[in-house]
A.B. asks: 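This is the structure, below, for whatever I ask next.
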Amino acid sequence: MRNTPHQTTTAVDPETRETPAEASGQPFRRGLLSMAFTELWERYSFYGLQGILSFYLLYALADGGLHLDPAFASGIVGAYGGAVYLSQILGAWLGDRLVSPQKMVLYGAVVITAGHVVLAFVPGFAGLGVGLVCIVLGTGALKTNITSIVGFILDQNERYRDAGFSYFYMAINIGAVVGPLTTGLAQNELGFHYGFGLAAIGMAAALVQYIASMKRLPERARIVNNPLPANRRPLAVLAALVFLAAVGAAVATGLLRAQNLSTVVTVASLVAAAAYFLTMTTSSAVGRDERRRILGYLPLFLASGVYFGFLFQKFTAISILITERIDLKIGGWTFPVAWITTVSPLAAVLITPLVARMWKTLGERQPGTVAKVAIGLTQIGCAYLFLLIISEATGDADIPLILILLFMMAAGSSEVFVGPIGLSLATKIGPEKFRSQMVGLNFLTLALGSSLAGLLGQLFAAIDNASYFTLTAVCGVAIGLVLFLVRRPVGRLLGAGLEH
């Protein structure tokens, strides 16, 4: 017998104490907030390290650094950043085929924590090498899988998807702000290894936060989406051993060395992206409409890779510029160098609520995905035009600190038009059987951008400032304008109302 309105009963989830309607109507609660806070602390540790890593390599031995050549240091930083995101291919594959996303995030958090502890307590190149490798592998396991979990949470809240990912991305940027602020101050007042120690504490907090929130995750987070058949698992192990042997041989013979690390990671990122696109577009498990959307994502992938190459120069070329041409003295106090790069994510954090609110207010009238990415590229190109102007206006004199901070604000605030939009799109258009791997493909834009930033840093060390900033400004604006002109045909390929 049908219930009357007064007799209607609603099931309540025994763990969350929410009705299905409440759970689907409140996308920013519980599971999403838990994942956001976990990601906040993980990014705190990552960017807390990243904020001082370049200067650890560049500074003189007497100042606690390793005193490396600028081009050499840029290559290492760019390759490390690229490898962090490149490793997420493996993490995405494991999260789809062998281990549930929930467990992958847990294992990754443990390994990252170990890497930061090594950096804090083991000095010199030994601690640097072991610590960075652990962080690369752990982040590979964590990043794509935690993003997939957020996608699971928002699957029933399509109208809130872009806004939900914008707030998730804001948590990333809060960690990216607070991390360098605290580690930079510790490095400035006490030394580099105290800064590394704070990053270790931040990662431990991420681990604790995640363990406490695991029971609130959707059931899909506990399931291996596309299990690898048992008879193919030995082949996967053999492939992993062959890869490790090949890397070891390349290092031993000198084919793989610090000077060419960024080039190797850039090529590897492009090859991996090509393999992803080829695999997904030729798979029998991918439908016609899904294949069309993947092809529509290709120009956005390339444009986003270039964008992040420009943005991540704050860790390479801009770090070199800071050490060479920025006066950090304010009276008798030295402004922490890591605080300069912190302005970039801080600007993104401050502008995110305004932009997210604007997207929600505009609704269907908001710019399409392609147009948003075009806006971000054009804006960062204009930021480098500003840097060209102030660099030339000051001549051989030091650039005032306030001007470089303004540049960081202009460049950093553009990220809200690219980063969260890419995350949202990847979880929306990804084929059902390749959802985590589509997120991994999106993170390859960061791998490509990081390694490209390393190459650009090496170029910055080789040519004059005017030529370099002209090149980056013109490329940013030109690619942004071209992308805006083709937004409609690319949007039609992407489908789902993304044509405008």
Side-chain angles (χ1 to χ4, degrees), residues 46-47 49-59 65-89 119 125 128-129 131-133 135-137 139-140 143 176 180 247 250-251 254-273 301-302 304-324 337-338 340-341 344 380 384 387 408 411-412 415 443-463 465 467-469 471-472 475-476:
F46 178 80
Y47 283 106
L49 167 63
Q50 193 86 331
I52 59 178
L53 179 61
S54 297
F55 303 106
Y56 180 56
L57 302 180
L58 290 168
Y59 274 26
L66 299 180
H67 197 50
L68 300 182
D69 177 77
F72 191 76
S74 288
I76 291 176
V77 172
Y80 159 67
V84 162
Y85 296 108
L86 189 59
S87 68
Q88 292 169 34
I89 298 174
L119 276 168
F125 287 100
L128 180 73
L132 293 186
V133 168
I135 295 169
V136 165
L137 296 176
T139 307
K143 282 292 290 181
V247 171
V251 173
L255 291 175
L256 185 63
R257 55 191 188 278
Q259 292 90 331
N260 67 0
L261 275 177
S262 284
T263 301
V264 171
V265 175
T266 301
V267 172
S269 299
L270 291 172
V271 170
F301 172 85
L302 295 173
S304 297
V306 173
Y307 169 82
F308 284 113
F310 292 156
L311 181 68
F312 291 157
Q313 287 181 88
K314 60 188 176 184
F315 301 123
T316 58
I318 304 303
S319 292
I320 297 172
L321 181 73
I322 291 169
T323 60
E324 293 179 348
V337 286
I340 299 177
T341 56
S344 172
I380 202 167
Y384 276 98
L387 191 56
M408 286 292 186
E415 190 176 1
F443 278 118
L444 274 181
T445 62
L446 303 177
L448 180 60
S450 294
S451 56
L452 179 60
L455 293 175
L456 290 172
Q458 292 174 329
L459 177 63
F460 177 80
I463 65 176
N465 290 359
S467 299
Y468 181 81
F469 293 136
L471 176 65
T472 50
C475 287

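As the structure is a computational prediction, the values presented were derived from the model and not from experiment.
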A.B. asks: Quick check for you: to the nearest 0.5 Å, what is the distance between Ile76 atom CD1 and Leu132 atom CG?
C.D. replies: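 So the gap between those two atoms works out to 9.0 Å.
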A.B. asks: What pairs with Glu415 under side chain to side chain donor-acceptor pair (under 3.5 Å), at least two apart in sequence or on another chain?
C.D. replies: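 Side chain to side chain donor-acceptor pair (under 3.5 Å) check on Glu415 returns Tyr169.
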A.B. asks: Determine whether Tyr307 and Ile380 make a side-chain contact, defined as any pair of heavy atoms from C-beta on separated by less than 4.5 Å.
C.D. replies: yes
A.B. asks: Kindly say whether Val84 contributes a backbone atom to a donor-acceptor pair with the side chain of Thr139 at under 3.5 angstrom?
C.D. replies: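 Not a single qualifying donor-acceptor pair exists.
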A.B. asks: Under the side-chain contact (heavy atoms from CB on, under 4.5 Å) rule, collect the residues that match up with Ala268, sequence neighbours excluded.
C.D. replies: Leu86
A.B. asks: Apply side chain to side chain donor-acceptor pair (under 3.5 Å) to Ser304 and list each qualifying residue two or more places apart in sequence or on a separate chain.
C.D. replies: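 None.
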A.B. asks: Taking only residues two or more places apart in sequence, or in another chain, which ones meet Lys143 in a salt bridge (charged side-chain N to carboxylate O under 4.0 Å, His left out)?
C.D. replies: Glu39
A.B. asks: Side-chain contact test, heavy atoms from C-beta onward, threshold under 4.5 Å: evaluate it for Tyr85 versus Ser450 and give yes or no.
C.D. replies: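 Tyr85 reaches Ser450 side chain to side chain.
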A.B. asks: Sequence neighbours excluded, which residues qualify as ring pair (Phe, Tyr, Trp, His ring centres under 6.0 Å) partners of Tyr80?
C.D. replies: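 For Tyr80, no residue satisfies ring pair (Phe, Tyr, Trp, His ring centres under 6.0 Å) once neighbours in sequence are set aside.
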A.B. asks: Measure across Leu387 and Ile318 and return the closest heavy-atom pair with its distance rounded to 0.1 Å.
C.D. replies: CD2-CD1, 3.7 Å
A.B. asks: Measure across Ser269 and Leu444 and return the closest heavy-atom pair with its distance rounded to 0.1 Å.
C.D. replies: O-CD1, 4.2 Å
A.B. asks: For Tyr47, enumerate each residue passing the side chain to side chain donor-acceptor pair (under 3.5 Å) test, keeping only those at least two apart in sequence or located in another chain.
C.D. replies: none
A.B. asks: For Phe310, which residues count as a ring pair (Phe, Tyr, Trp, His ring centres under 6.0 Å) partner, sequence neighbours excluded?
C.D. replies: none
A.B. asks: Atom CZ in Phe301, atom OG1 in Thr445: separation rounded to 0.5 Å?
C.D. replies: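 With rounding to 0.5 Å, CZ (Phe301) is 6.5 Å from OG1 (Thr445).
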A.B. asks: Provide the full list of side-chain hydrogen bond (donor to acceptor under 3.5 Å, both in side chains) pairs with a residue in residues 67-78, sequence neighbours left out, each pair given once.
C.D. replies: none
A.B. asks: Report the residues that fulfil side chain to side chain donor-acceptor pair (under 3.5 Å) with Thr263, sequence neighbours left out, ordered by chain and then residue number.
C.D. replies: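 Thr263 satisfies side chain to side chain donor-acceptor pair (under 3.5 Å) with no residue once adjacent residues are dropped.
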A.B. asks: Shortest non-hydrogen contact from Leu311 to Gly412?
C.D. replies: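 Taking every non-hydrogen atom into account, CD1-CA, 4.3 Å.
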A.B. asks: Taking all non-hydrogen atoms of both residues, which atom of Thr316 and which atom of Gly78 are closest, and how far apart?
C.D. replies: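 Here Thr316 and Gly78 meet closest at CG2-N, 4.4 Å.
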A.B. asks: Got a donor-acceptor contact below 3.5 angstrom from the Ser262 side chain to the Gly75 backbone?
C.D. replies: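 Here the side-chain-to-backbone pair exists.
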A.B. asks: If we count only N and O atoms by modelled type, under 3.5 Å, do the side chains of Lys314 and Ser344 hold a donor and an acceptor together?
C.D. replies: yes
A.B. asks: Please name all residues satisfying side-chain contact (heavy atoms from CB on, under 4.5 Å) with Ala317, sequence neighbours left out, ordered by chain then number.
C.D. replies: Gln313, Phe460, Tyr468
A.B. asks: Can you measure from CG (Leu58) to CG (Leu66) and round to the nearest 0.5 angstrom?
C.D. replies: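 The distance works out to 9.5 Å.
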A.B. asks: Kindly assign one of parallel, tilted or perpendicular to the pair Phe55 and Tyr59, based on the angle between their ring planes and the thresholds 30° and 60°.
C.D. replies: perpendicular
A.B. asks: Distance-only, no hydrogens or angles: does the Thr472 side chain make a donor-acceptor pair with backbone N or O of Phe469 under 3.5 Å?
C.D. replies: yes
A.B. asks: Suppose we screen for side-chain contact (heavy atoms from CB on, under 4.5 Å). Which residues come up paired with Leu137, at least two apart in sequence or across chains?
C.D. replies: Val133
A.B. asks: Checking the side chain of Ser87 only, and the main-chain atoms of Val136 only, is there a donor and an acceptor separated by less than 3.5 Å?
C.D. replies: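 Side chain of Ser87 to backbone of Val136: a pair is present.
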A.B. asks: Please test Leu57 against Leu128 for side-chain contact (heavy atoms from CB on, under 4.5 Å), starting from the C-alpha separation and ending with a verdict.
C.D. replies: CA-CA 10 Å; Leu57 302 180; Leu128 180 73; 3.9 Å; yes
A.B. asks: At their closest point, which heavy atom of Gly51 faces which heavy atom of Ala338, and how far apart are they?
C.D. replies: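 Taking Gly51 first and Ala338 second, the nearest heavy atoms are O-CB, 3.5 Å.
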A.B. asks: Look up atom CD in Gln50 and atom CD1 in Ile135, then write down how far apart they are to the nearest 0.5 Å.
C.D. replies: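 If I round to the nearest 0.5 Å, the distance is 9.5 Å.
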A.B. asks: What is the minimum heavy-atom distance between Gly449 and Phe312, and which atoms define it?
C.D. replies: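 Gly449 and Phe312 have their closest heavy atoms at C-CD1, 3.9 Å.
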